[in-house]
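These notes concern the structure reproduced below.
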Amino acid sequence: MQPKKPVEDCGQNYRGENLGSSNADSFGFCNDVSLMTVSSNRAVMLLLFFVTFYSLDDWLASLTLCISRVMKRSKRKEDVQTSISMCAGLSVLQMQEHHILTMVCQISYQVDLRLKMKVSVTTRSGRELINGGLVLDSSATVADLQEAIHKRTKKYYPSRQRLTLPVQPGSKDKPVVLQYKKSLKDYSSGDSDTITVVFKNLGPQVSYRTLFFFEYLGPLLLYPVFYYFPVYQFFGYKGERVIHPVQTYALYYWCFHYFKRIMETFFVHRFSHATSPLSNVFRNCAYYWSFGCYIAYYVNHPFYTPVSDIQMKIGFGFGAIMQVANLYCHIILRNLRSPSGNGGYQIPKGFLFNVVTCANYTTEIYQWLGFNIATQTVAGYIFLVVAASIMTNWALAKHRRLRRLFDGKEGRPKYPRRWVILPPFL
Amino acid sequence: MAGFLSILKRFYLTAYNWIVFAGWCQVLYLTLKTLKESGHEHVYSNVEKPLLLAQSAAFLEILHGIVGLVRSPITATLPQISSRLYVVWGILYSFPEVQTHPIVSSLLISWGITEIIRYCFFGVKEAFGSTPYWLLWLRYSTFLVLYPTGISSEIGMIYNALPYMQESGLYSLWMPNKWNFSFDYFYFAIIVLVIYLPGIPHMYGYMLGQRKKVLAKSKKE
């Protein structure tokens, strides 16, 4: 008696895509036994099989199949292999088509399993982030893994995840961070088809464009307030303000600078995949906006004392040249990165980069020096010193990184001897 | 050579801690004696010299941290010591009008007890290598009361000095000048008071964390 099989849902693959439904008669056995991996309730399944295969001949078959089904669901290789052998045994014993088909399907499932990578995702405290782990194609990349994690954990979008390989407890090594473009196979040891990754929540992220835009918007808008509006009355300075030419030029220079920075953010800079934590928005905006107001207060002050005409011209002239040079440096840096956003490192070449690793920071510092020579405020010089020290930190890190990457071994070019940021000092 | 240097370091730190310990003992003793005999108005004038010496010596502790002589992180020592030096030199020493205020006494008693325990603790640790449990307990428990009393006294003294800052214009520089710079000590004090707000939970939290860590470790041993 041929049992009547209901039309079954073939279940879902790891991406959560439905495999579609099928008519039981054609591949029915395969589908419902082998590929239903996700939703079924175990007890209901067992009952269904018993009922479906009810007949004296087939009770052995149904019992065997139930057991093998249960074992297959355990996903352990040994259990799957056992269930295959049971089906093989049944096929031999009973020479029935459906057993052979089932066995074939299970073998193909097993083979298919071998082509997959099983990923277990834990937090740094050892807790499993995703129960049961994930199953991806062996050719999957880290980016695919991040997408899969995001699908299962709604709030952890890919840029919020930091995935590393587990570190031996007590080891002082820094954990290896998984690069989003690399394939998972690059990180799994040897030929293994399982991998454990450690997840860290980086907190809400914003793109660098967003971060830079808001940082620079503050100084651009706040400085003119001190120039155009009678704010000094609130500081107790009554009466008319006399505006010196240098103050007007300073306004244009300052606003042009921050306008240029915003334009570069949208049209010149090529950002790698990276984002920045949301908290940096507040921290960076506090820095830029506070210093912007601090400097604007003094340069536009009613008691402002201008420098000599020639000093002003030298200051602004030098600064303007440095701003143009800075723009050119940014264009050179942009062309180092391919449009596909590869994010790889290259040795910067051309223009001032032949002499200084971080020529963009050099020109930026000199540009502020020009502004300060022309406007001469202690506030401006404080800002110059602070900005220069921050940039020097970045420059040292970048210089070290480039020297480490381009060590001259294994066919890689050797990083040439260059100043880091400010010849002849560093 | 290394052995000699480490002995030298130990000798120096032992000497430093015990000398400053003696200084603070003197401060506390004179404070209490003056309070009993003359009243709170005279406390500062009697205590001024040892106080200035003992508190200013703490500046060396910043150097110790930078050079690596001691393990304390500079993020914890710097705010503590700068607030102390600011109150002693920038408020008490600079504005005689506030020296007779009763809060001076509460300030000096809080500081005195805390510093005596602290320097005794470090002095014993450097000299003998370890400290008795009761001293450890004192060092990491008395702050629970003395931080609040000490910090509120500091804030109180700064607040008391505000009108005199405005009046005298001390340490302030006004425009116009060649360098287009101004500095208003009064507004600077207001900013310091504002910084105290997040500073207090940071320092108190740090000490609480230290307490938990140290007392738990000591219990295990």
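This is a predicted model, so every value here is computed, not measured. Computed from heavy atoms alone, side chains included, the values below leave out hydrogens, waters and symmetry copies. The chains referred to below are lettered A, B, ... by the order of the sequence lines, with proteins before strands, and numbering in each begins at 1.
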Who are the side chain to side chain contact (heavy atoms under 4.5 Å, CB included) partners of V88(B), not counting sequence neighbours?
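So V88(B) forms a side chain to side chain contact (heavy atoms under 4.5 Å, CB included) with L52(B), Q55(B), W111(B).
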Taking only residues two or more places apart in sequence or in another chain, which ones pass side chain to side chain contact (heavy atoms under 4.5 Å, CB included) with P102(B)?
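Applying side chain to side chain contact (heavy atoms under 4.5 Å, CB included) to P102(B) gives H40(B).
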How many angstroms lie between OH in Y216(A) and CD in E264(A), if you round to the nearest 0.5 Å?
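Here the interatomic distance stands at 8.0 Å.
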Anything under 3.5 Å between a donor and an acceptor, one on a side chain of residues 383-398 of chain A, the other on a protein residue two or more places apart or in another chain? List them.
residue, atom, partner, partner atom, Å
S389(A), OG, V385(A), O, 3.1
S389(A), OG, V386(A), O, 2.8
T392(A), OG1, A388(A), O, 2.5

Should the ring pair W254(A) and Y223(A) be called parallel, tilted or perpendicular, given that the plane angle runs from 0 to 90° and is split at 30 and 60?
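It falls in the parallel class, under 30°.
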Per-residue contact mode, Y294(A) against chain B (heavy atom under 4.5 angstrom)
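Contact with chain B is through the side chain of Y294(A) alone.
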Regarding R118(B) and E61(B), does a basic nitrogen lie under 4.0 Å from an acidic carboxylate oxygen?
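A salt bridge is present here (some side-chain N lies under 4.0 Å from a carboxylate O).
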Members of residues 170-186 of chain B whose heavy atoms come closer than 4.5 Å to chain A
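Residues in range: M175(B), P176(B), N177(B), K178(B), W179(B), N180(B), F181(B), S182(B).
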